[in-house]
Each structure stands twice: as structure tokens, then as C-alpha cells.
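Below, chain A is the first sequence line, B the second, and so on; all start at residue 1. Source: prediction; values computed, not measured.
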Amino acid sequence: MLNKILYNTVLSQTLSPCGKYLVAGNIYSQIAIFDLDRILNPVVELLTSDYNKPKHIHTLESGHQICSLASSEKFLIVGTVNEIYGWDWKNAASSKLSKPSWVIRIPSQSPLEQTDVNSLWLSEDEARLYAGCGDNNVYVFNMEDGKLVSTFKGHTDYIHSVSGKNQQLITASEDGTVKLWDSRTGSSHNKLEPHTNSKVSRPDVGKWMGSAAIGDDWIVCGGGPRVALWHLRSLDAVTVFDIPDHGIHVSFFHDDCVIAGGAAKYLYQLTYSGEVKVELPVSATTVYSVLLSTNPKVLTIAGSSPEIDLCTTFNYRDQVLHFR
Amino acid sequence: MGKEDVSAKKRRKINTTSNESSKQVPVDVYKRVVEFEETEAQLRPAEKDAAFFKKICQDIRQLFAEIAELKAKDTNEAREKINAKRIEASLNLVALKKLNRLEKVRTRAGRDALHKEKQRVDSTHLLLQNLLYEADHLNKEVTKCLQFKSKDEEIELVDVEDFYKEAPAEISRPELTKTDEHQLQLARLEWELRQRRELSSACNELIASKERVAAAIAAARSRLDALLPHLRDVLKSTKPLQECLALRLDDKRDEARAASLLPSPLFLLFANASAYSDALGAKTVTVGISGDEDEARRLEQLNNVDSDLVVSNDSDSDPENNDDDQNEKKKRHHRTAKISKEEKADAKKKEVLKKHPLSIQVSVKVPDGTALNLIFSYLLHLKIIVVKFTVSLPKPITGISAADVLNGHCILNELYPGDTGYDSPHPATTYLLNAAGITEDFQHFISELGKPYVWAQRMCGLDFMATVTEDQKFNKNIQLCPSLSVSTVENFILTLKKRLMSRVVLMKELQDLESGKILSVKGDSLSPVRLSGSLTQWQSVGWPEYSQSPSTAFLISEGLVNPNDMLYRAIITRQSAKLVALVALGSDYPKKAPMFSLTLHWNGTHHAGINDDIRDIERVINTDWASEENKQYTLSVQITKLLTCLDILLETTGSSEFPPDKVMFCPVRGRNRVKPYKFLKQGSGLFVQY
């Protein structure tokens with residue numbers, strides 16, 4: 001029988017606050033810790049053939065897939081199914097993973113139901129943890145005590161992504177809508193339905209929204225419909241990016257650019273006017289996770305492949321990490 | 001002399017006058033004178049005579065001078081005087097004569113005395129010489145005696161200490177021998193003599209007993225020899241009985257005789273395989289020897305004459321021959337020369353690749369009647385075993401791809417991991433081929449000789465790995481390892497049986513698949529579900545086609561599929577959707593599950609490289625392999641699973657062409673929008689993601 005790791009799919013990545021470790025989680029409930037320090041500043045004499053392999057691979061006991069990862073100053077936050085775990089960074093970076101520092105259980109209706117924690121977003125002040133889940137809700141937890149603060153209800157299918165900015169929260173859902181929430185009141189004040197917009201809809205791919213991000217004036221979102229730039233106040237699709245993809249799973253803003261990826265051969269950096277600035281070839285069949293950091297300056301692209309592409313310049317792929 | 005005589009007469013007269021008184025009887029005057037003069041001469045001192053002689057001479061000279069002076073005067077007086085003087089001078093002369101005579105006598109006497117003395121000295125000297133010689137001789141004799149080697153010095157004697165310890169006192173006599181070395185030596189010799197005598201008598205006794213035993217043996221042998229014809233007769237007479245009872249005793253004997261002619265590796269194989277066959281019964285394994293026995297006998301005789309010489313000579317002379325050939329070629333480019341060279345090379349090739357005339361047939365049978373006949377041959381010079389085989393089937397196979405499974409070369413392929421049989425396992429083979437002037441690899445001859453599988457070598461007890469790790473001595477005789485053969489034969493027969501059985505099952509499976517039937521496997525978790533797709537095509541494909549498909553690039557680059565695998569293409573259709581599955585079966589199927597790579601033609605072309613849904617299905621088919629009990633039907637199970645997955649994929653698209661038919665908890669789940677490929681036995685059956 002084939003080793004299943006050949007069909008590995010990485011759903012999420014995060015970076016440790018010190019910037020030394022890249023953490024990736026896959027569908028086989030494994031967490032790989034890459035030593036970025038060693039990969040980015042290799043000492044030639046000490047270079048071994050497995051330098052681009054994980055320093056450690058931790059396998060969670062539950063056997064559930066690792067759906068999402070987040071990182072606070074103190075904790076590595078891991079969203080799997082029904083549960084969110086928090087590990088102290090020191091512990092996570094060691095060779096053997098001990099029991100998590102804390103566990104948050106997603107409040108679910110029935111014991112049979114399995115709720116994926118599809119997306120985790122930590123507010124800027126690290127006081128609130130937002131979890132977009134498979135039961136169509138966004139749960140807000142207090143990072144101090146792990147108590148549920150509030151539940152954002154309104155989507156009719158599971159949540160693909162959660163992110164926010166300036167007290168505003170944006171969620172993308174399988175139901176084809178993107179909702180804007182006031183993070184203080186927990187009420188949805190606006191929503192987008194891209195699949196109803198003929199400029200962006202793609203019925204053959206589906207109506208689901210895989211990713212959404214919010215900027216000062218703009219929203220970028222995509223999924224089944226094309227990735228497009230929407231104006232925050234008028235909620236009009238201002239720029240529709242014409243890229244050959246079969247579904248968007250990643251889209252966010254960076255330096256007056258939109259970064260978008262999904263079921264495509266490339267990861268795109270696009271200008272607001274709709275031009276393709278950079279095409280980064282990717283190893284994955286579908287990109288599910290892109291991690292961009294300015295300190296250290298690194299861009300890692302992961303998805304349905306045991307390989308993780310690593311770019312230090314954001315312009316071309318210069319290394320490939322192996323999660324196997 | 002006349003003068004002297006005269007003077008002598010004169011003197012005699014004088015003498016007679018002076019000695020007349022004493023000589024009264026003058027018997028012989030002369031004699032008496034002589035005697036007298038002799039005594040006189042002895043009595044008178046010689047020195048006085050000498051002085052007397054000198055004085056007379058002086059007187060005479062003076063007289064002559066006076067005469068001469070007187071003559072000069074020439075007077076009468078003078079004449080008188082001269083006369084006187086003349087007389088005086090004459091007298092003096094007489095005296096001189098007398099003196100002269102005396103002198104002569106004296107000289108003679110002296111000479112006689114000298115002579116006498118000389119004789120005496122001579123005789124004394126002679127005596128001395130004799131004595132010296134005698135002394136010398138005696139000395140020599142003494143040294144000879146001293147140097148005489150006695151026999152006893154060569155005899156090895158026991159040590160003195162041991163001697164005193166062992167020898168009885170009457171021989172050792174310590175009180176005497178302790179002080180006298182000679183006695184000690186004598187005693188030791190005596191002891192030695194006694195011991196030797198004892199030993200010699202013991203030896204004689206033993207020889208006698210040996211002869212007795214030999215005689216007994218000879219007698220027994222002659223009796224046994226006499227028995228042989230009787231036994232033959234008995235054997236002959238049992239033949240009808242054997243035939244009646246269907247006993248194979250004679251055949252076995254023949255076999256054993258042929259086996260003794262086998263080269264040792266094949267003999268080892270024969271012994272172990274036939275033992276195994278005896279143990280298991282002839283139903284599963286049969287072993288036989290085939291080939292020309294007479295040829296083998298000749299070969300063995302030849303080998304006995306010059307066993308190692310042949311090989312070494314061969315390899316030594318070869319390069320020379322080659323050189324000769326080349327020289328010849330350089331000299332004259334005649335066609336004849338060329339042809340003869342080719343012939344020569346051909347003959348040499350044949351010689352190097354020569355098989356032992358005997359080969360072993362092992363046939364392994366599985367219960368349904370399919371049998372695999374293996375023919376093991378030994379290459380005499382390359383020292384490796386090659387295997388050819390045939391398959392016998394109880395009934396013909398329908399279906400092209402199914403037949404390949406049993407008939408093709410692949411049945412023995414990689415029976416053990418990595419053992420393709422494409423190259424000689426013996427490291428020296430290339431060298432030997434080169435030495436024989438053959439430029440082709442061993443692979444070139446495989447079709448005519450058979451394949452040198454590693455297991456075949458191991459079954460015959462040849463283990464080349466051991467020699468490779470040592471220094472690479474070519475032509476070195478490889479030690480046979482019987483224990484290796486024993487373990488390998490058993491292992492091999494079991495493995496081969498397993499392989500054969502699995503191949504027979506696979507063949508049936510493929511026959512079904514080719515006719516579009518999919519074996520429904522009982523107890524499988526997927527069975528209760530109605531499948532909407534159907535298998536419309538199943539056929540084998542070649543490596544080029546397989547490797548060119550974009551869907552297989554991933555498997556090939558990971559090294560999971562190689563050209564030795566059995567490759568097939570399955571086409572599954574459901575309405576407008578067409579799924580092409582390229583299936584790679586490893587040689588050791590069902591140990592390793594078949595490898596599927598999928599391409600879906602519906603709304604464009606999708607494969608795992610560009611579509612995650614296809615990748616998910618491949619993951620399910622190729623990696624989720626839970627059911628162990630249906631291992632031999634893996635292929636059918638996988639195809640059933642594939643059909644189910646295809647249904648689910650198509651039904652979750654929401655297209656009206658494929659109405660949802662299966663119960664799913666949720667059609668998509670998670671950020672990767674994975675479809676519910678996993679079946680849960682809850683109620684009528686439920687499909688979930690994880």
C-alpha cells in the first residue's frame with residue numbers, strides 16, 4: 001500500500017512569534033515544525049540532506065485533521081474537529097509534544113456532529129479568538145479564560161474563512177455569502193453574494209466562497225466565483241481579477257496588492273487595477289494556505305501536496321520544503 | 001815415474017843403511033818399507049814436516065842462488081864448490097822426496113779416516129730418519145684413533161635424568177656411572193638396547209595381528225563379492241512384483257544415479273527439492289533430472305583428469321589467441337581468415353556459455369491444476385544457474401490481458417524484491433565474457449539460456465554476495481552453502497506457490513474484468529450500495545502509453561511504478577462522464593496493492609495533478625486499504641471502490657445529469673471541500689468524509 005503521506009494535504013500554516021518556526025498542519029492530524037532559521041540561513045558545513053524536512057512532526061491523538069492554525073505571543077493555537085488546542089510555544093517546538101496547555105471545546109448541538117474549526121483569527125490585541133466553524137457559526141472566545149464570549153450566527157453553510165480589521169469581521173462561507181460583522185455587537189451588518197453577480201459568478205465551479213479579507217476601503221473575496229475587489233461601502237465589484245483558477249481558497253491584501261491562490265498552477269499577486277504583478281508557480285494542486293510574513297521576510301505556500309513552497313523575495317519560488 | 005822409482009830405490013838404500021840393525025829378516029823389502037813409512041808418517045807430526053819442507057825448499061833455493069852466483073864466477077874453485085853444492089842440493093831434493101812420500105801417506109790416511117767417519121755419520125743419520133718416520137706414523141695412528149666415531153653417538157638416548165628415573169638399578173648402577181662418564185654412556189646404551197628390543201617385539205606382535213585382521217577382511221570381502229550376483233538375481237526377480245504394486249523403486253535408483261552426475265549446485269538443489277517434494281507429496285512439487293547422462297559421465301571423467309587446469313589454461317591462453325588473431329588480421333585481410341575468426345569466436349562463445357548436459361526440472365502445482373515447470377541449468381564456465389520455465393494450464397484462458405498474467409515473463413518477475421533476473425548475479429560474469437572475447441552483456445544471451453535469478457542461485461547454494469564483499473577474485477571457486485539452499489528451496493516453493501495461486505486468482509479476476517464483470521466481494525463494506533457507473537473497457541497497455549499520460553507522472557517520479565509492472569487501462573463510464581484509470585499491478589500482487597492513476601473526462605479533463613477531487617479519490621483508492629481478509633481480491637475491491645467514489649463525486653457536483661442516489665451526511669466538508677468517500681454502515685449505509 002502506498003504511503004498516505006504522498007497524498008498529503010496541508011490546510012493551514014502559522015509562524016511562531018519569534019519567527020523561527022514554521023508550523024504546518026495536514027489532514028492526517030500531523031503538525032510539522034520547520035526550523036526556518038536553519039532553512040533561511042543555512043550553515044553550509046552543517047547542511048544535511050534533510051534540512052528542508054520538518055524538524056519535528058507531531059501527530060495528534062484524536063486523528064482529526066488539522067483545519068486551522070493560529071499563533072499568539074504565548075501559544076500555538078490548533079483548530080481541529082470539535083476542539084481548539086493551545087500549546088505553549090516552547091512545548092510545541094520541542095521534540096515531543098506533551099498535553100496541550102488548554103483545550104476549548106466547540107459547543108455543539110448533537111454529540112454525533114463533528115464541527116470543523118475551519119478558520120481561526122486572533123484579534124489584533126490578542127484578547128479574542130474567532131473560530132469559523134463547520135456548524136455555520138463563528139465562535140468568539142476569550143483568550144484569558146477560554147470562555148465563549150459570543151456566537152455569530154447567520155450563515156447557512158459552513159464557514160471557510162474568518163478575518164477582520166478595525167472592529168470589523170468578515171467571513172466567507174460555503175453558502176455563497178460573505179458577511180461583515182461588527183465584532184463588538186456580534187451582528188451582521190452587511191453581506192455580499194458574489195454568485196449572484198454575473199461579473200464574478202462561475203456556476204461550473206460553484207457558489208461557495210473560499211476566502212475573504214477586509215482592508216481599509218476594500219474587500220477581497222473569492223471562491224467558486226472569481227476573486228474580485230469590492231468597495232467596502234458601496235459593496236460593488238470594482239475589479240474582477242481574470243485569472244485561470246478553478247476555485248479560490250486564499251485571498252488577502254499585502255502592500256497595495258491582492259494575493260490570491262487556489263486551484264491553479266500559480267499564486268497570483270495582483271494590483272488593484274486587475275493586472276497580474278507576479279505569478280508564483282506552486283507545487284500544490286490546490287493552495288489552501290499562504291503565509292506571508294515581513295519579519296522574517298518569507299512567503300510559504302501550502303496545499304494539496306507534501307511540498308511547501310517557500311519564497312523569500314515574494315517574486316519567485318526559491319525553496320521547497322517537504323512535509324513527509 | 002822412472003825418476004821417482006830411481007829416487008825411491010835410493011832412499012831405500014838410505015833406509016836400509018839406517019835401519020839394518022832392526023831388520024834382520026828382509027822378507028819383502030818393499031812391503032816393509034811401506035809399512036815403515038806408514039808408521040813413520042803417523043808418528044811424525046805433519047806441522048813439523050811442513051816446516052821442515054819449507055826449510056829445505058829455502059835451502060835449495062839458497063843453494064841454487066849460490067850455484068848461480070858461483071857459475072857467474074866460473075872459477076875452478078867455484079866449480080868445486082858448485083859440485084859440493086850440487087850434492088847438497090840433491091840431498092835436499094831426496095829429503096824433499098821423502099817428505100812428499102810421507103805427505104802422500106798421511107793424506108791417504110786422513111782421507112781414509114774421513115771416509116770412515118763419513119760412513120759412520122751417514123748410518124747414524126739413516127737411523128735418525130727411520131726413527132722420526134716411525135714417530136710420525138705413530139702420531140698419525142693416535143690421531144686416527146682419537147677421531148674414530150663410534151656408532152653410539154648417533155643413537156638418540158633418553159635424557160640422563162629420565163634414564164636414572166626409569167632404568168632399573170642393575171643397568172644404571174648409579175654408584176659407578178655417576179662418576180664415570182664412559183660407564184654412564186655404556187649403561188645408557190644398554191638401557192636403550194633393552195627398550196628397543198622390547199618395542200621391536202611389540203611391533204612384531206602388532207604386525208602379526210594386523211595381518212590376521214587383513215586376512216579376515218579379505219575373507220569377508222570375498223564373501224560379500226560372492227553375494228552380489230545373488231542380490232542381482234533377487235532384484236531381478238522382484239521386478240514383476242514392483243510393477244504389480246506400482247512401486248517406483250527402480251526409477252528412484254535411476255534418479256539417484258543420474259543425480260550423482262549432477263554438478264554440485266544442481267545436486268544440492270535436486271537433493272533439497274526432492275526431499276521437499278517427498279515431504280509435501282508429489283502433488284505440489286515434482287522434481288526430475290533430464291538431459292544426456294552419457295555426456296555428463298564423459299564430462300565428469302574429463303573433469304577428474306584435469307579439474308582446475310582447464311579453467312586456468314583457458315583464461316590464460318585466451319588473450320594470446322586474441323592477439324594472434326589480431327596480428328593475423330593486420331597481416332592479411334583475407335576473407336578466409338576473417339571467417340575462421342568468426343567461427344572461432346562463435347565456438348568460444350558456445351564454450352563459455354556451455355550448459356551442463358543435465359538439468360533439473362522442478363514443477364510446482366497449485367490445486368486448480370495450473371503448474372509451473374522450471375528448468376534449472378548450470379553454466380559450466382560462468383558458474384551460474386539459469387532458469388527457463390513453462391506454464392501448463394488445465395484449461396485455456398479467454399481474454400488477452402488475463403493470459404499475459406500467467407504466460408508472460410512476468411510470472412517470475414521480482415519474486416523477491418529487486419530480483420528481475422536481467423543480469424548475472426555473479427560478479428565475475430562480465431570478466432569471463434570479456435576474457436572469451438564476447439562484447440555483449442550477459443543480458444544478450446538471456447533469451448537463449450534462461451534467466452539467472454538470484455533465488456535460483458540461492459536455491460543451489462550459491463551465494464555471490466558473500467564473495468563480493470570479500471576481495472574480488474575472479475575464477476575463484478564459490479563455496480556452496482547447503483543451509484542456504486535448504487532454506488531457500490522451502491521459501492522459494494512456498495513463495496512460488498503463493499505467487500502462482502495469486503496469479504490464477506488474478507487471471508480469473510482479469511478475465512471477469514475484461515468481460516466487464518466486477519467480482520462482488522462478500523463482506524465488503526461497499527457491497528450494499530447500488531453502483532451507477534460501469535466498467536466498459538479493461539485492457540493491458542504498454543509502458544510508453546502509461547508513462548505518457550499526465551496522470552501517472554506523479555507515481556513515476558516517486559518511483560512507485562516501473563516498466564516491469566503489469567499495466568492496464570480501465571474505462572468506467574456513467575452517462576457523459578468517462579473515467580480512465582491506468583492501473584499498475586506490481587509483480588508481487590497482491591502483496592502490494594495495484595496503483596491507480598485516474599483521469600476524468602467530464603466538463604474538461606481532470607487528473608490528480610490539477611484537480612483535488614481526483615486526488616482525493618486516488619488517495620482513497622491507493623492508500624485506504626483496510627480490509628485484510630480479501631487481500632487476493634484487492635483489484636476487484638479497488639475497482640468497486642473506484643466506482644463508488646466516482647458516483648459520489650458526480651452526484652455531489654449537483655449536476656442534474658447525476659441525481660443524488662446515496663445518503664450523505666454533508667456533500668462537502670472542510671476548507672478543502674472534500675467529498676464523502678467513506679462508507680459507514682449505519683442504517684441503509686451512509687457516506688461521510690472522515
Side-chain angles (χ1 to χ4, degrees), chain A residues 1-12 26-29 63-65 67-68 79 81 112-119 132 134 157-161 172 174 203-208 210-211 223-224 246-247 249-250 262-265 283-289 303-306 324, chain B residues 551 554-555 557-561 584 586 589-597 602-628 631 634 638 652-655 665-674 676 680 682 686 688-690:
Chain A
M1 200 84 256
L2 273 185
N3 191 346
K4 63 181 183 179
I5 204 78
L6 289 175
Y7 288 104
N8 192 7
T9 295
V10 178
L11 290 178
S12 53
N26 72 0
I27 57 166
Y28 302 125
S29 130
H64 294 305
Q65 56 182 334
C67 301
S68 52
V81 178
L112 258 179
E113 205 174 345
Q114 294 193 324
T115 310
D116 301 335
V117 183
N118 281 331
S119 181
D157 209 333
Y158 68 84
I159 311 275
H160 270 277
S161 98
E174 179 70 19
D204 58 321
V205 186
K207 64 175 189 178
W208 54 273
S211 169
H246 298 278
H249 289 277
V250 175
K265 285 198 180 77
S283 309
T285 306
T286 306
V287 174
Y288 290 113
S289 165
S304 50
S305 163
R324 56 165 96 184
Chain B
S551 63
F554 164 68
L555 292 176
S557 71
E558 290 289 335
L560 298 165
V561 180
Y589 171 86
K591 242 187 245 166
K592 268 202 287 194
M595 215 75 74
F596 283 69
S597 59
W602 182 72
N603 270 356
T605 306
H606 311 279
H607 60 81
I610 54 173
N611 189 316
D612 250 13
D613 289 323
I614 304 296
R615 189 168 179 265
D616 287 338
I617 295 180
E618 273 188 25
R619 179 192 290 134
V620 169
I621 306 279
N622 287 342
T623 69
D624 284 0
W625 196 41
S627 61
E628 280 285 317
K631 221 173 171 182
T634 309
Q638 279 182 312
T652 52
T653 55
S655 162
F665 204 72
C666 44
V668 288
R669 185 177 153 188
R671 290 193 52 230
N672 46 347
R673 309 191 75 246
V674 70
L680 275 186
Q682 277 182 1
L686 179 70
V688 295
Q689 273 81 355
Y690 298 105

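A distance of 4.0 Å separates CD in A:E174 from CZ in B:R673, rounded to the nearest 0.5 Å. In this structure, B:E558 CD and A:R324 CZ are separated by 4.5 Å, a value rounded to the nearest 0.5 Å. The OG1 atom of B:T623 lies 11.0 Å from the CG atom of A:N8; values are rounded to the nearest 0.5 Å.
Side-chain N/O atoms of B:D612 and A:S304 include a donor and acceptor closer than 3.5 Å. B:R671 and A:S12 form no side-chain donor-acceptor contact under 3.5 Å, judged by distance and modelled atom types alone.
If you tally non-hydrogen atom pairs under 4.5 Å between each of B:I610, B:V674, B:D616, B:N672 and chain A, the highest count goes to B:N672.
A:Y288 touches chain B through backbone and side chain together, each having a heavy atom under 4.5 Å away. For a residue to count as touching a neighbouring chain, one of its non-hydrogen atoms must lie under 4.5 Å from one of that chain's; by this rule A:H246 does not touch chain B. Of the two parts of A:V81, only the side chain, counted from C-beta on, holds a non-hydrogen atom closer than 4.5 Å to a non-hydrogen atom of chain B.
The heavy-atom pair separating B:V668 from A:Y158 by the smallest distance is O-CE2, 3.5 Å. Nearest heavy-atom pair, A:Y7 versus B:R619, reported as atom, atom and distance to 0.1 Å: O-NH2, 2.6 Å.
The neighbour count for A:Y28 OH, taken as heavy atoms of other residues, nucleotides or ligands under 6.0 Å away, is above 12.
Within the 3.5 Å criterion, the main-chain N or O of A:T285 finds no donor-acceptor partner in the side chain of B:R615.
Judged as a side chain to side chain contact (heavy atoms under 4.5 Å, CB included), and not counting sequence neighbours, the contacts of B:P676 are B:I648, B:T652, B:M664, B:F687, B:Q689.
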